[in-house]
Protein chains: 2
Amino acid sequence: MKHLVRTSKNLGHAIRQARKAKNLTQKELASMSGVWQETISKIENGSGGTKLETVFDLIAALDLEITVTERSKGAPDGLEDIF
Amino acid sequence: MKHLVRTSKNLGHAIRQARKAKNLTQKELASMSGVWQETISKIENGSGGTKLETVFDLIAALDLEITVTERSKGAPDGLEDIF
DNA sequence: TTCGTATATGGTGCTTAGATCATATTATCA
DNA sequence: TGATAATATGATCTAAGCACCATATACGAA
């Protein structure tokens with residue numbers, strides 16, 4: 001799955017989905033990533049203001065990756081998941 | 001160009017390249033994005049700890065987009081730019 | 001080299017993220 | 001339904017981002 005991320009809410013969705021897909025609890029992800037469970041909860045719920053480093057920690061722990069590209073004006077390929 | 005972003009330095013590179021590609025100065029990008037020139041300078045140089053919202057502002061102003069996907073273990077396609 | 005611009009650096013002050021602990025709320029399941 | 005696990009909420013405190021102003025430095029052109 002590919003998540004287009006423009007807002008903190010988008011990011012929260014992506015994180016939560018990836019975590020669930022791996023059958024991890026927030027607490028488990030917390031110990032894997034070094035990010036507190038309470039913080040993960042807030043991030044998954046899209047409460048903005050998160051620090052980049054925290055996101056990187058979660059992304060890495062969840063085996064995800066972030067890419068930055070030019071905005072695709074081309075035809076949508078249906079692979080994207082935007083909330 | 002596609003930038004794989006795992007660190008603040010990666011992000012800085014992506015931002016700077018995109019800005020240069022559009023022939024914008026930091027000051028111009030600042031007024032377009034609402035992020036101060038001084039802050040842009042720091043971000044482009046990879047000084048970590050940046051807030052997500054700030055990144056979103058810059059990404060939007062530069063017509064870039066962020067996507068989150070599963071880590072590609074497949075064959076590299078040569079399109080990525082990792083620093 | 002000198003002028004003008006672009007970028008970096010540095011300080012102040014307000015605001016807030018996140019670590020940490022405690023607890024409330026919400027699933028989940030035998 | 002009651003126990004147990006998962007998630008959310010809330011408070012405190014410290015570290016740090018960023019707006020903001022001033023200035024230093026690097027860079028390009030003439």
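Proteins come first, then strands; the chains are lettered A, B, ... in the order of their sequence lines, and each starts at number 1.
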Give each protein N/O atom lying under 3.5 Å from an N/O atom of nucleotides 7-11 of chain C, with the pair distance.
{"unit_1": "C:dT7", "atom_1": "OP1", "unit_2": "B:Arg19", "atom_2": "NH1", "d": "2.9"}
{"unit_1": "C:dT7", "atom_1": "OP1", "unit_2": "B:Arg19", "atom_2": "NH2", "d": "3.3"}
{"unit_1": "C:dT7", "atom_1": "OP2", "unit_2": "B:Gln26", "atom_2": "N", "d": "2.8"}
{"unit_1": "C:dA8", "atom_1": "OP1", "unit_2": "B:Arg16", "atom_2": "NH2", "d": "2.9"}
{"unit_1": "C:dA8", "atom_1": "OP1", "unit_2": "B:Asn45", "atom_2": "ND2", "d": "3.1"}
{"unit_1": "C:dA8", "atom_1": "OP2", "unit_2": "B:Arg16", "atom_2": "NH2", "d": "3.2"}
{"unit_1": "C:dA8", "atom_1": "OP2", "unit_2": "B:Gln26", "atom_2": "NE2", "d": "2.8"}
{"unit_1": "C:dA8", "atom_1": "OP2", "unit_2": "B:Ser41", "atom_2": "OG", "d": "2.7"}
{"unit_1": "C:dA8", "atom_1": "O5'", "unit_2": "B:Ser41", "atom_2": "OG", "d": "3.3"}
{"unit_1": "C:dA8", "atom_1": "N7", "unit_2": "B:Gln37", "atom_2": "NE2", "d": "3.3"}

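- Of the possible donor and acceptor atoms, one in the side chain of A:Arg19 sits under 3.5 Å from a partner among the backbone N and O of A:Leu24.
- Sorted by residue number, the members of residues 48-61 of chain B with any non-hydrogen atom under 4.0 Å from DNA chain D read B:Gly48, B:Gly49, B:Thr50, B:Lys51, B:Thr54.
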Atom pairs and distances, side-chain donor-acceptor, residues 47-61 of chain B, under 3.5 Å, sequence neighbours left out:
{"unit_1": "B:Ser47", "atom_1": "OG", "unit_2": "B:Lys42", "atom_2": "O", "d": "3.2"}
{"unit_1": "B:Glu53", "atom_1": "OE2", "unit_2": "A:Ser8", "atom_2": "OG", "d": "2.5"}
{"unit_1": "B:Glu53", "atom_1": "OE2", "unit_2": "A:Gly49", "atom_2": "N", "d": "3.2"}

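- A:Glu28 places a side-chain N or O within donor-acceptor distance of the main-chain N or O of A:Thr25, the cut-off being under 3.5 Å.
- With hydrogens and angles ignored, the 3.5 Å screen pairs a side-chain donor or acceptor of B:Glu70 with a backbone N or O of A:Met1.
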Could you go through nucleotides 24-30 of chain D and list every protein N or O atom that sits under 3.5 Å from one of its N or O atoms, giving the distance for each pair?
none

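- Side-chain contact between A:Ile15 and A:Leu62 is present, with heavy atoms from C-beta onward closer than 4.5 Å.
- The stretch residues 29-40 of chain A participates, sequence neighbours left out, in these side-chain hydrogen bond (donor to acceptor under 3.5 Å, both in side chains) pairs: A:Gln26-A:Gln37.
- Nearest approach of B:Val68 to A:Leu11, heavy atoms of both residues: CG2-CD2, 4.4 Å.
- To the nearest 0.5 Å, the span separating CD1 on B:Ile43 from CD1 on B:Ile40 amounts to 7.0 Å.
- Summary for the helix from C:dT1-D:dA30 to C:dA30-D:dT1: the axes at its two ends, each from 5 pairs, differ by 60° when rounded to the nearest 10 degrees.
- Summarising the geometry, atom CZ belonging to B:Arg6 is positioned 12.0 Å from atom CG belonging to A:Leu64; distances are rounded to the nearest 0.5 Å.
- As rounded to whole Å, 15 Å separates atom C1' of C:dG13 from atom CH2 of B:Trp36.
- Side-chain atoms of A:Thr69 and B:Glu65, non-hydrogen and from C-beta on, do get closer than 4.5 Å to each other.
- Atom-to-atom distance recorded for A:Lys9:NZ and A:Asn45:CG is 7.0 Å, nearest 0.5 angstrom.
- Atom CG of B:Leu29 sits about 7.0 Å away from atom CD of B:Glu44, to the nearest 0.5 Å.
- Taking the side chain as every heavy atom from C-beta outward, B:Ile66 and A:Ile66 approach each other to under 4.5 Å.
- If you take CG of B:Asn23 and C1' of C:dT5, they are 15 Å apart, rounded to a whole angstrom.
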